[in-house]
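Only one structure is covered here, and it is reproduced in the block below.
Because the structure is a prediction, the values reported are computed rather than measured.
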Amino acid sequence: MSKLDFWDTEAAAIRNDFMVLTPISQEEKDHAESTPYGVEHIVALYQLPNSDEIQIGLLSPLQNRFFSAEANIENLKYATTVAYFHDGYTELGDMNGARVDRPVYLVYTTRKNTVKGARVLNANDENGLRIPLKDIVNGKVTIESSEPVVKKR
């Protein structure tokens, strides 16, 4: 990502047009939940029955308490598929592809807290990280924390 792309991305983030997310394992999510403020940057991407839309749920307790509609987790209990991600905002996007153990996604969002589109920021022909976001959300590809690599089922 060039500097110009980074600043364009930064401006879009201020408008809430996108998120920079990397998938995490269940173990990493559980660890975050056991630490103070650990879930502040954890996001659930999920699908509801009979829907192809990917919903965005923010697990932040502060967000849920004061902005529950924007947090969008009230329907998480009805999800047919769910995956957890770390919201790295711009620090993940600014790594210029340095992370190679799992994909880093630029996720374009809608005002309805759904995913409009996504692209992998750190994929190249050698590292095998060109994995569709939907494959992570629906469980076709998982993250194992004991070996921080992508595992395909």
Is the closest side-chain heavy-atom distance between [X] and [Y] below 4.5 Å?
X      : Y      : result
Tyr105 : Asn122 : no
Lys116 : Phe18  : no
Asn64  : Leu58  : no
Leu48  : Thr80  : no
His86  : Leu21  : no
Asp87  : Ile42  : no
Tyr46  : Asn75  : yes
Val115 : Lys134 : no

With distance as the sole test, does Thr114 use its side chain to make a donor-acceptor pair with the main-chain N or O of Glu53 at under 3.5 Å?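 Not confirmed, Thr114 side chain does not pair with Glu53 backbone.
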Just one of Val20, Ile136, Ile56 clears the side chain to side chain contact (heavy atoms under 4.5 Å, CB included) bar with Phe85, so which one?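 Checked Val20, Ile136, Ile56 against Phe85; only one passes side chain to side chain contact (heavy atoms under 4.5 Å, CB included): Ile136.
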Under 3.5 Å, is there a donor-acceptor pair between the Glu144 and Ser25 side chains?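 No, no side-chain donor-acceptor pair sits under 3.5 Å.
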Testing the 3.5 Å rule here: is there a donor-acceptor pair between the side chains of Asn72 and Gln55?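 Yes, side-chain donor-acceptor contact under 3.5 Å.
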Which heavy atom of [X] sits nearest to which heavy atom of [Y], and what is that distance?
X      : Y      : answer
Glu74  : Ser68  : OE1-O, 3.8 Å
Asn113 : Glu70  : ND2-O, 2.8 Å
Pro23  : Arg102 : O-NH1, 3.0 Å
Asn127 : Leu129 : OD1-N, 3.0 Å
Ala83  : Val137 : CB-CA, 3.8 Å
Arg130 : Pro132 : O-CD, 3.9 Å

In sequence, state the C-alpha distance, the side-chain angles, and the governing distance for Ile24 and Ile143, and then conclude on side chain to side chain contact (heavy atoms under 4.5 Å, CB included). CA-CA 6 Å; Ile24 60 173; Ile143 300 297; 5.8 Å; no
Rounded distance (nearest 0.5 Å) linking atom [atom1] of [X] with atom [atom2] of [Y]:
X      : Y      : atom1 : atom2 : value
Leu59  : Glu40  : CG    : CD    : 10.0 Å
Asp17  : Leu106 : CG    : CG    : 10.0 Å
Asn138 : Leu45  : CG    : CG    : 11.5 Å
Tyr78  : Ser51  : OH    : OG    : 15.5 Å

Chi angles and distances behind the side chain to side chain contact (heavy atoms under 4.5 Å, CB included) call for Glu33, Asp30: CA-CA 5 Å; Glu33 288 177 328; Asp30 293 344; 3.8 Å; yes
Does the structure place the NZ or CZ of Lys29 under 6.0 Å from the centre of the six-membered ring of Tyr84, at an angle of no more than 45° from the ring's axis?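 Yes, a cation-pi geometry holds between Lys29 and Tyr84.
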Residue pair Val120, Ile131: steps toward the side chain to side chain contact (heavy atoms under 4.5 Å, CB included) verdict: CA-CA 7 Å; Val120 183; Ile131 301 166; 5.6 Å; no
Hey, any chance Val43 and Val82 share a hydrophobic cluster, counting ILVMFWY side chains that come within less than 4.5 Å of each other, even indirectly?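 No, Val43 does not connect to Val82 through the hydrophobic network.
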